[in-house]
Each structure stands twice: as C-alpha cells, then as structure tokens.
Amino acid sequence: MRRVLCFGDSNTYGYSPVDGQRYGDDINWPGVLGSLLGGKFEVINEGKNGRTIAFDDPYKEGCNGMNDIEACIQGHEPLDLVIIMLGTNDLKVYFDASPQMIAENLREMCKLVRAKTDARIILASPALLGDQIEFSPLHLEFGRTQVDYSFELAPYFEKIAKEIGAEFIDLAMVAMSSDVDCLHLMPEEHEKVAQAMKDKVLWIFREELAQEAREEEEAARAAELKRLQEEEARQQAEEELRQRAEEERRLREEEEQRRAEEMGRGAEEEEGARLRLQAILKASEKETVKETVQETRGLNADFVLGNDIGEAEQESAGTIEISEADGFSARSEKEKMLSGRLYICDAALRSEAAEARKITAVYNQTTNSEIPKRTDLLNRLFKKVGKMPYIEPPFRCDYGSNITVGDEFYANFDCIMLDCANIKIGNHVFFGPKVNIYTACHPIYAPVRNQQLEYAKEVTIGDDVWIGGNVTINPGVHIGNNVVIGSGSVVTTDIPDGVVAAGNPCRILRRISEADKKYWEEQMALHI
C-alpha cells in the first residue's frame with residue numbers, strides 16, 4: 001500500500017466557510033481522494049487551519065509549516081508521496097510577502113522534505129482569492145493586492161516544481177473559492193480538487209501500477225493453472241483409489257473362490273458337473289442372441305440404407321432460396337460534415353458556400369438605414385434568427401445555414417463564423433469587434449490531412465453572454481449562460497454558467513456574484 005501525506009492549510013483540513021466546522025472525510029478533498037484511489041493507497045490528512053509556509057502568525061500560534069513538516073513526515077513514515085498545498089495564508093497583509101518571496105520559502109520547505117524522505121512530491125498552487133474578499137469577514141487579513149498576488153503564485157510554484165523534479169498542479173484551474181468568505185472551498189470544489197489530485201497521483205505511479213496489474217494477472221493465471229493441476233491430481237488420485245478398490249475387490253473374490261473351493265473339495269465332481277452344465281447353457285444362450293442380433297442388424301441396415309437414399313433424392317430435388325441483402329445509400333458529404341465525421345468539400349458544399357458568399361456580399365454593402373433589408377438577408381442566410389438581430393458589416397461565414405441566433409443578438413465589426421458544424425447562439429448575446437468562431441478541424445496526421453479531408457465540431461453559446469473584442473472560440477467549445485469573456489481570449493475548453501473568464505488559453509477568473517448584481521443595479525438606478 002502506498003502512503004500519501006497531504007500537508008496543507010484549512011482547505012486541506014476541511015474548514016467550512018458556512019459554519020466554521022470541519023467537513024468529514026466524505027467531503028474534504030484528502031478523504032475523497034483516498035476513496036477514489038482505493039485500497040492500494042492510504043491518504044493521510046495533515047491540514048491545519050491558518051498554516052503558512054514559513055511565517056509565524058502573531059494571531060495564531062503553531063501555524064508555521066516549516067516548523068512541523070519534519071515531524072509530520074517522521075510520524076507517518078514510510079511515505080511514497082507528499083502533497084504540499086500551501087501559500088494562501090502567506091499572502092496575509094501583515095506578512096507583506098511578495099509571490100516570489102513565498103515561492104522561495106516553498107523551495108526551502110521542499111529541501112527539508114527531500115532531506116527527510118525519498119517520497120515523491122506534488123506542489124499544488126492554491127485556488128485564487130475571491131475578488132470580493134476585501135468586503136468579506138476576512139477583509140482585515142486580505143485586500144485587493146493579495147487578490148492580485150494570488151494570481152501570481154502558480155508560475156513561481158511551477159518553476160520550483162521543475163527545478164526540484166516535483167509534479168505540479170494549478171488548483172486555480174480546478175476549483176474556485178466560495179462566495180461566503182472568498183477563501184475557503186465548498187463541498188463541490190473539494191470534490192473537483194480530489195478528482196484532479198487522483199489523476200495526478202495515478203499518473204505519477206502509472207508504471208508501478210501497470211507492473212502490479214501485470215503481476216496480479218500473472219498471479220491469477222498461475223493460481224488458475226495450480227487449480228487445474230490440483231484438479232487433475234485429485235482426479236488422478238480418485239482413479240488410483242478406484243483401481244486399488246477394484247484390485248482389492250478382485251482379490252477378495254479370488255480369496256472367497258479359494259475358500260469355496262477348499263470347502264467344496266469333497267463335492268468337486270458334482271460341482272464340476274454343475275458348472276459345466278451351466279457353461280453349456282450360457283454358451284447356447286449367447287449363440288442364440290448372436291444369431292438374432294445379426295438378423296436384426298441386416299433388416300435395420302436395409303431399412304436405414306433405403307431411408308437415406310430417399311432423403312438424398314428428396315434433398316437433390318429441392319431448391320434453396322437465397323435473398324440478396326438490400327443495398328444502402330452512402331451519406332452525403334454534408335451529412336458527414338454535420339455529424340462530425342471526416343468529409344471532403346464536394347461540389348454540393350462548394351455551391352452552398354458560393355450562395356452564402358453572394359448573400360454576405362450584398363449584406364456587407366448595406367448601410368445603417370437599411371435595417372429591414374439586413375434582417376431579411378440574415379433570415380435568408382441563417383438557419384434560424386430571433387427578434388431584432390444586428391450585425392455590423394463586414395460579416396463572413398462558410399454556409400450560414402448552420403448558424404442559429406436568438407433574440408437581440410448583436411455582433412460588432414469583422415465577425416467571422418466558420419459554420420462547418422452547427423453554431424448555436426442564445427438570447428441577448430453581445431459580440432465585440434473581430435470575434436471569430438471556428439468549427440472547422442483538420443486531422444493531425446498529415447497524410448490524411450493532405451487528402452483534403454476535414455471534420456467539424458459544434459459550438460454553442462448560452463443566453464446573456466458578452467464576448468469581448470478579438471476573442472477566438474475554438475471548435476467544440478460550449479459556453480454557458482450569464483458569462484463574460486474578456487477581450488483577446490482564446491477559448492479552447494468549455495466555460496460554465498455565471499463566470500468571468502479571460503486569457504490565452506481562456507480560464508475562469510471568478511464567479512459573477514450577488515455583489516456584482518447589487519453594484520450594477522445601483523449604477524443603473526443612478527443613470528435613470
């Protein structure tokens with residue numbers, strides 16, 4: 001069994017931001033990780049509320065991780081893996097520590113770990129502080145600067161992991177702090193952390209686990225072979241016992257016969273006469289039975305022979321009906337394209353694309369005074385259009401017939417939608433300028449790609465979404481409802497409901513909270 005030590009702060013301990021109690025092992029991420037890994041791993045939770053990497057907190061005694069990590073390692077030896085998830089508490093205002101300083105302290109902690117154990121190490125960069133933390137119960141310990149610093153921890157931690165030969169995981173890409181105090185994790189976020197940690201741990205021990213699986217399979221085969229050999233030996237022993245019993249029975253019969261002969265020696269002639277008579281009678285019976293059997297066999301042979309010939313003649317005279325399988329028509333290239341299979345842009349698709357270019361050419365020549373004409377052209381071009389669509393020319397697409405937009409859709413200048421697969425856009429969606437949506441994909445393997453084969457993946461965007469300028473949305477991406485995507489982002493993975501996301505690649509920055517709602521409703525009231 002492999003022993004895994006989880007050394008962290010309150011988010012490892014399992015502190016609940018709702019009631020201040022500790023989550024049970026069925027909720028906190030080390031406990032869930034142990035359940036996910038199964039019987040080949042033992043996961044040890046060494047989380048402590050307020051623990052830092054190297055600072056002595058004046059308001060909480062005994063929280064300096066540098067002072068107790070050696071004792072933790074010695075108390076749980078032997079260890080195969082140490083997971084260090086610290087750094088959040090080192091950001092507190094009164095420590096006045098930069099991300100670089102915190103990372104250097106983490107490097108020193110890793111040296112202590114290396115000196116005490118040969119276990120492998122995972123460095124986990126913690127989840128980001130919520131950007132409303134300055135208004136939370138923790139506002140005296142964390143402010144706006146600390147929120148910004150929390151974004152900078154991951155690159156420094158990853159660099160240290162590479163230098164010391166450790167594995168790294170950025171939990172900001174996995175889980176988000178709660179809206180309650182903008183620091184601690186809710187139960188569903190603990191589940192996400194445990195899932196990500198499980199994947200990382202299994203990857204680290206992949207070779208050993210594969211070898212164990214092979215050894216277990218070989219052991220199972222050996223056990224099965226042993227069982228078969230034992231079964232064969234048992235059957236052989238039973239056969240030997242049967243033969244021994246048969247031999248003993250034969251010897252008993254011979255002994256009984258010998259005794260009978262000794263007892264009947266005085267009447268030997270009479271007994272001999274009786275036996276001879278009995279033998280003659282038995283021989284006569286056998287001869288009679290033999291003649292009867294020969295006669296019966298002759299009759300049966302004639303009957304069977306005649307019956308077989310009749311069946312053969314009947315079979316020869318019969319006919320065998322063979323029905324041909326019904327044929328089927330192959331899918332068109334457009335059907336392949338829309339189903340996500342490899343396809344070639346044939347004459348039919350080129351014709352459809354040419355028609356779309358004619359419509360967009362006319363559309364891009366219209367002016368702001370020709371709104372009804374624009375709406376009519378969009379209804380001709382798109383698969384489905386909601387109420388009051390508005391797209392600033394110029395606009396480009398492949399076919400148009402695979403695009404669906406909801407009510408009050410707005411796209412600024414230079415929007416491009418490559419709709420080789422369906423593009424579905426919900427209600428009240430706003431695009432900044434130069435937003436590009438791509439569904440077209442090409443095979444990574446060049447010999448196939450060089451055959452002009454391609455494929456496509458559907459893109460969907462929910463309701464109430466704002467996408468900033470110069471955003472690229474890659475094939476297969478699904479964006480939820482009530483989402484803001486920052487300008488210049490490259491969206492490569494799905495984005496859930498109710499978040500602000502940005503970057504290349506695009507990642508979640510924070511949730512859209514009740515504080516946002518309250519602030520903007522107040523601003524709207526002032527405007528009115």
Side-chain angles (χ1 to χ4, degrees), residues 87 99-100 103 123-131 144 147-162 167-177 192 196 199-200 395-398 410-421 423-426 429-444 454-462 464-512 516:
Q100 185 175 6
L123 297 184
S125 177
L128 304 175
L129 297 176
D131 63 352
R144 171 54 50 187
V147 173
D148 296 338
Y149 278 174
S150 70
F151 280 84
E152 300 178 27
L153 288 179
Y156 284 110
F157 283 20
E158 184 175 16
K159 181 181 178 182
I160 291 173
K162 291 179 180 178
E167 294 295 328
F168 171 76
I169 183 169
D170 184 2
L171 295 183
M173 301 297 294
V174 176
M176 292 190 295
S177 56
K192 294 176 184 177
D199 294 340
K200 181 66 71 173
F395 169 74
R396 302 283 189 276
C397 65
D398 273 335
Y410 174 82
N412 214 316
F413 303 107
D414 295 317
C415 179
I416 296 176
M417 300 188 195
L418 303 186
D419 58 319
C420 300
I423 296 176
K424 300 177 181 178
I425 301 172
V429 176
F430 300 162
F431 284 3
K434 299 183 183 297
V435 170
N436 298 330
I437 301 178
Y438 305 148
T439 66
C441 306
H442 299 279
I444 291 177
E454 54 187 292
Y455 63 104
K457 294 181 179 180
E458 179 180 280
V459 171
T460 63
I461 300 173
D464 302 309
V465 175
W466 171 27
I467 296 178
N470 284 295
V471 170
T472 298
I473 301 174
N474 279 358
V477 166
H478 299 275
I479 298 175
N481 300 316
N482 188 27
V483 172
V484 176
I485 304 294
S487 61
S489 298
V490 178
V491 189
T492 60
T493 59
D494 292 354
I495 303 296
D497 295 347
V499 298
V500 177
N504 181 4
C506 186
R507 66 175 186 173
I508 298 168
L509 300 182
R510 66 178 180 86
R511 285 194 177 94
I512 297 175
D516 291 305

ask   = About how many Å separate OH of Tyr455 and SG of Cys441, when rounded to the nearest 0.5 Å?
value = 4.5 Å
task = Determine the minimum heavy-atom distance between Phe431 and Cys415, stating which atoms define it.
result = CD2-SG, 3.9 Å
query = Any idea which heavy atoms bring Ile160 and Ala103 closest together, and the distance?
reply = CD1-O, 2.8 Å
inquiry  = If you define the side chain from C-beta out and look only at heavy atoms, does anything of Ile512 sit under 4.5 Å from Val500?
reply    = yes
query = When you look at Asp497 and Asn482, which way does the side-chain contact (heavy atoms from CB on, under 4.5 Å) test go after all the steps?
reply = CA-CA 6 Å; Asp497 295 347; Asn482 188 27; 5.9 Å; no
From CA spacing to verdict: side-chain contact (heavy atoms from CB on, under 4.5 Å), Tyr438, Met417 = CA-CA 6 Å; Tyr438 305 148; Met417 300 188 195; over 6 Å; no
inquiry  = Ignoring hydrogens, what is the shortest heavy-atom contact between Ala421 and Thr439? Give both atom names and the distance.
reply    = N-OG1, 3.0 Å
query = Is there a donor-acceptor pair under 3.5 Å between the side chain of Asp414 and the backbone N or O of Pro433?
reply = no
task = Could you check if a side-chain atom of Tyr156 sits within less than 4.5 angstrom of a side-chain atom of Gln100, using non-hydrogen atoms only?
result = yes
Pair Arg510 + Asp516: basic N to acidic O under 4.0 Å = yes
query = Can you tell me if Asp419 uses its side chain to pair, donor with acceptor, with the backbone of Asp398 under 3.5 Å?
reply = yes
request  = Give, for atom CD1 of Ile425 and atom CD1 of Ile467, the distance between the pair rounded to the nearest 0.5 Å.
outcome  = 7.5 Å
request  = Kindly say whether Leu128 contributes a backbone atom to a donor-acceptor pair with the side chain of Ser150 at under 3.5 angstrom?
outcome  = no
Arg507 bridged to Asp170 by N-O distance under 4.0 Å = yes
note = OG of Ser489 to CD1 of Ile473, rounded to nearest 0.5 Å, is 9.5 Å
query = Going by heavy atoms in the side chains, are Phe151 and Leu129 under 4.5 Å from each other?
reply = no
request  = Looking only at non-hydrogen atoms, find the nearest pair between Ile495 and Cys506 and report the distance.
outcome  = CD1-SG, 4.3 Å
message = Would you say that Asn481 contacts Asp464 through its side chain, given a criterion of any heavy-atom pair below 4.5 Å between the two side chains?
response = no
key: Gap between atom CD1 of Ile461 and atom NZ of Lys424 - 0.5 Å precision   = 13.0 Å
inquiry  = To check you understand the geometry: which heavy-atom pair defines the closest contact between Val471 and Gly468, and what is its length?
reply    = CG2-O, 3.0 Å
key: Worked verdict on Met176 versus Val499 for side-chain contact (heavy atoms from CB on, under 4.5 Å)   = CA-CA 11 Å; Met176 292 190 295; Val499 298; 4.2 Å; yes
note = When rounded to the nearest 0.5 Å, the distance separating CZ of Phe168 from NZ of Lys200 is 8.5 Å
message = Walk me through whether Arg144 and Asp131 qualify under side-chain contact (heavy atoms from CB on, under 4.5 Å).
response = CA-CA 7 Å; Arg144 171 54 50 187; Asp131 63 352; 3.8 Å; yes
ask   = So do the side chains of Pro505 and Thr492 get within less than 4.5 Å of each other, counting heavy atoms only?
value = yes
task = Of all the heavy-atom pairs spanning Pro443 and Glu454, show the shortest one and how long it is.
result = CD-CA, 4.2 Å
inquiry  = Does any part of the side chain of Ile485, heavy atoms only, come nearer than 4.5 Å to the side chain of Val491, both counted from C-beta?
reply    = yes
Glu158 CD to Ser125 OG distance, which is reported to the nearest 0.5 Å = 9.0 Å
